[in-house]
Peer 1: 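Structure provided below as structure tokens; questions to follow.
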Amino acid sequence: MGTNYAQFLKEANRIAKPGARILVAEVKSRCEEVLDTFSQLLHDMGFKVDQVDKDNKMFIMLYLTKVGECGALNKLTAPQLKVCQYKKR
């Protein structure tokens, strides 16, 4: 997701029907340290976190279900995600 990921999630909530499944793949280095806060944000935005898959060495996969509408973003606290760390090969 981009730096304004809360807007991405709000749009996903807007266009998805209740009960819709959503998959979020995020780079591990960006959100591993704030995963609990990030999961709480998803809950506050109307998503249920069904599964968090950390098996991939590069990405964290979040399997979500839309259960409600998104609240106003200015009332939600979005954790700051780190900048992606790329390794030179």
Peer 1: Is there a side-chain contact between Lys10 and Met45 (heavy atoms, below 4.5 Å)?
Peer 2: yes

Peer 1: If you take all heavy atoms of Ile22 and Ala16, which pair is closest and at what distance?
Peer 2: CD1-CB, 4.1 Å

Peer 1: Salt bridge (Lys or Arg N to Asp or Glu O under 4.0 Å) with Asp53: which residues, sequence neighbours excluded?
Peer 2: none

Peer 1: So, using side chain to side chain donor-acceptor pair (under 3.5 Å) as the criterion, who are the partners of Lys54 when residues are at least two apart?
Peer 2: none

Peer 1: Is any side-chain heavy atom of Met58 closer than 4.5 Å to a side-chain heavy atom of Val27?
Peer 2: no

Peer 1: Could you check whether any side-chain N or O of Lys66 sits under 3.5 Å from a backbone N or O of Asn13, counting only pairs where one atom can act as donor and the other as acceptor?
Peer 2: yes

Peer 1: Do Val49 and His43 have side-chain heavy atoms sitting under 4.5 Å apart?
Peer 2: no

Peer 1: Could you grab the distance from atom CZ of Arg30 to atom CD1 of Ile60, nearest 0.5 Å is fine?
Peer 2: 11.5 Å

Peer 1: Assigning hydrophobic clusters by single linkage (Ile, Leu, Val, Met, Phe, Trp, Tyr; side-chain heavy-atom cutoff under 4.5 Å), is Leu23 placed with Phe59?
Peer 2: yes

Peer 1: Report the residue from Val67, Leu42, Leu62 that forms a side-chain contact (heavy atoms from CB on, under 4.5 Å) with Phe47.
Peer 2: Leu42

Peer 1: With no hydrogens and no angle check, do the side chains of Gln40 and Asp36 hold a donor and an acceptor under 3.5 Å apart?
Peer 2: no

Peer 1: Do Phe38 and Val52 share a hydrophobic cluster, counting only Ile, Leu, Val, Met, Phe, Trp and Tyr and linking them when any side-chain heavy atoms are less than 4.5 Å apart?
Peer 2: yes

